[in-house]
Amino acid sequence: MPHAPMFRKLLIANRGEIALRVIRACHELGISSVAIYSDADAHAPHVREADEAVHVGPAPSSESYLRGEAIIAAAKQVGAEAIHPGYGFLSEREWFARKVVESGMVWIGPPASAIAAMGSKTEARRLAIQAGVPVVPGTIEPLRDVTDARETAKSFGYPVLLKAAAGGGGKGMRVVRTESELESSLHAAQREARNAFGDDAVYVEKYIEGPRHVEIQVLADHHGRAISLGERECSIQRRHQKMIEEAPSVAVSPELRRRMGQTAVAAARAAGYVNAGTCEFLLDREGSFYFLEMNTRLQVEHPVTELVSGVDLVQWQIRIAAGAHLDIPDVIEPSGWAIECRITSEDPVNGFLPSTGRISFMHLPAGPGVRWDGGIEPGSSIGLHYDSLLGKLIVWAETRPQAIERMRRALHELRIVGVETSREFHLRVMDHADYRNGAVNIQWLEQRLPALTRAPIPEDETRLAAVAAALLAHRDRGVRPTRTGESRVTSHENDLWRRAARLDALR
Ligand code: MV4
C-alpha cells in the first residue's frame, strides 16, 4: 500500500509559528488547511495563510485553544478529516486524542494509550526498564513516607533527586544533598506535586550532576516500522525552557548515536508508539545515557533535525496518520550542522520579563542556509495570553563553526522593533568561548546568566551612534564611495556595529 489516500482537509488546533508550519506542510501535500483562532488572533498570520478559519473563543487559552469539544465541533462543521495539534495546548491530552478519534476523525499524533503511558513518569520508567532501556538508578513506586525515602536514598547514595510521578517540566523536583534535608524536601516536593498535578506521588532517583540534555527523534508508522532520526543537543536552557538547540551534538559519536537511536526506538515500541515522538536522555560526562521521558508530540526544535536529515517531519506525521508506509532508510547519518535560536518577546536584561507591544517594524534574515519559522508580522500585537515565542531562527551549514558564523550573521540581520527580544542574548551566546567549544551542559546557561544578560551600552551612546549612522548613510547615498573614505574600518566587530547602525538608520 505505497499510496495511502491523503486527507482533503485538515484542521490545525494551534496558533503562531507552529500553526504556520503545519499549514505549509498541508499545502505541499495538497491538503486544504483550516485554522482556528481566538479574539486576540483574528488578524494573525496563521488565520490568513490557512484556506479557512474558525473562531473558537475569547483570548484566554482556556476559553479558545484549549476548548477541545468546541474545536472538534468546528472541525466536523467544516468537514475536516484530521486534526493536527502542534505542540503545547491540547497536543498531549489523552482525552482529546481519544475524542478526536471517537468523533470519526484522524488524530495526527500517537495513540491516546501511548500519550497516557508516557504521561506518567513512573509508568514511562517502568516501560523503559521492561524494554531494557537504561534509566537513572532509582525507584518506580511512589515513596510511602520519610523512612521509605531515607532507606531508598541511602541505597544508591546522595545527592538524590525527588520527582513528581505525574510530573514533567521540573515541577515537584527537589535535589537533596544530605540525609538531613530529606524530610523537608520530601514534603516540599509532595506539596508542589499536589498543587501542580493534583497528585502528590513522589519517587526518587540518583541525581546526575552536570549532564547534557540530548534527545532522539523517532518516527513510527502503523505497519510496525520505527526509526530514529538522530539526536538534538538541547542543553542550553533556562528554567526548563530551551533557548538554543542544535543537531547533531558535539558529544555524540556515530557509535553513540546508533546506540541511543536503538534505545529510543525500543522505548517507543514498548509504548506502542506511532507517529513522531522524542525520547529525552541525560548524557553524563562519562558518555553514559539515561532515558528520562518521551514527548508524545512534534517539538518546537524539530527543524534542526529536518535540516540535517533532509526529512520533513510534519509531512511525515500527516502521511503516517493517513496510513502510509514509512519509506525512509533505517540509518540516516546527519549531514552538516543546524542551530536554532528561539526568538522570544522577553527582555534578557530584566530577568527575561515578558515584553508586550505592537511589532512596528521587522526585517527577517535570509540567504544561504537560513530558515525563519515565525508567527508574527508588522502590526502583530504581542500580549500576555500566549507563550512568548515570536519565531525560530534556524541555520544550516556544513560544519559547526560555519553554522555559528551563519547564525551570528543572521541574528545581525534580524530586526524586530516594538517589543524587547532575546536576539542580543543569542548573539552573546554565539560569541561565548564555551559555546564555541561545545563545552555546555544543562547548568551552563543559568550559571553564566549575569554575563550573558548584562545591560547593553547606555541609551545615550545608542542615540549618538544612530545619529552618526544616519549621517553616514546620508553620505553613502549621495557620494560615490572612494578608496580612502571606505577603508578605515578594520576590525570585524566594527564592521558588525556599522552594518547594524546603517540598517537602523536606513529603516
Ligand atoms: C534529572 C536531572 C538530574 N538527575 N534526573 C528536569 C525535568 C525532567 N524532564 C527531568 N529533569 C531532570 N532530571 C536526574 N536523575 C536533571 C534534570 C534537569 C534537566 C533535564 C533536562 C533538561 C533540563 C534540565 C534542567 C534541570 C534539571
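Whatever order the structure lists them in is the order used to number ligands and atoms, beginning at 1. The structure displayed is predicted, hence computed values, not measured ones.
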Should the pair E205-R125 be classified as a salt bridge under the 4.0 Å nitrogen-to-oxygen rule? yes

Tell me whether K163 is salt-bridged to E293, with the criterion being a basic N under 4.0 Å from an acidic carboxylate O. no

If you count the atoms of ligand 1 from 1 in the order shown, which ones are under 4.0 Å from a heavy atom of [X]?
{"X": "K163", "answer": "1 (C), 5 (N), 10 (C), 13 (N)"}
{"X": "L282", "answer": "1 (C), 2 (C), 3 (C), 4 (N), 5 (N), 14 (C), 20 (C)"}
{"X": "K206", "answer": "4 (N), 14 (C), 15 (N)"}
{"X": "Y207", "answer": "3 (C), 4 (N)"}
{"X": "E293", "answer": "8 (C), 9 (N)"}
{"X": "E280", "answer": "9 (N)"}
{"X": "L161", "answer": "1 (C), 2 (C), 3 (C), 4 (N), 5 (N), 13 (N), 14 (C)"}

Pairs of nitrogen or oxygen atoms closer than 3.5 Å, one from Q237 and one from ligand 1: do any exist? no

Test your reading of the model: is there a side-chain donor-acceptor pair from R174 to the backbone of V160, 3.5 Å cut-off? no

Contact check, M173 vs ligand 1, heavy-atom distance below 4.0 Å: yes

Protein contact to [atom] [nearest heavy atom, distance to 0.1 Å]:
{"atom": "atom 22 (C) of ligand 1", "answer": "H213 ND1, 3.3 Å"}
{"atom": "atom 16 (C) of ligand 1", "answer": "I442 CD1, 3.8 Å"}
{"atom": "atom 26 (C) of ligand 1", "answer": "H240 CE1, 3.5 Å"}

Around E179, counting heavy atoms of other residues, nucleotides and ligands shown, do more than 12 lie under 6.0 Å from its CD? yes

Is it true that atom CD of E69 has more than 12 heavy atoms of other residues, nucleotides or ligands lying nearer than 6.0 Å? no

Is ligand 1 under 4.0 Å from a heavy atom in the side chain of I208, in the backbone, in both, or in neither? both

Spacing of H46 atom NE2 and N14 atom CG [to the nearest 0.5 Å]: 8.0 Å

Measure the CD-CD distance between E246 and E301 for me, rounded to the nearest 0.5 Å. 12.0 Å

Relative to the ring of F96, is the ring of W107 parallel (under 30°), tilted (30 to 60°) or perpendicular (over 60°)? perpendicular

For a side chain to side chain donor-acceptor pair (under 3.5 Å) check, start with the C-alpha distance between S422 and R342, then their side-chain angles and the critical distance, and finish with the verdict. CA-CA 8 Å; S422 55; R342 297 191 187 190; over 6 Å; no

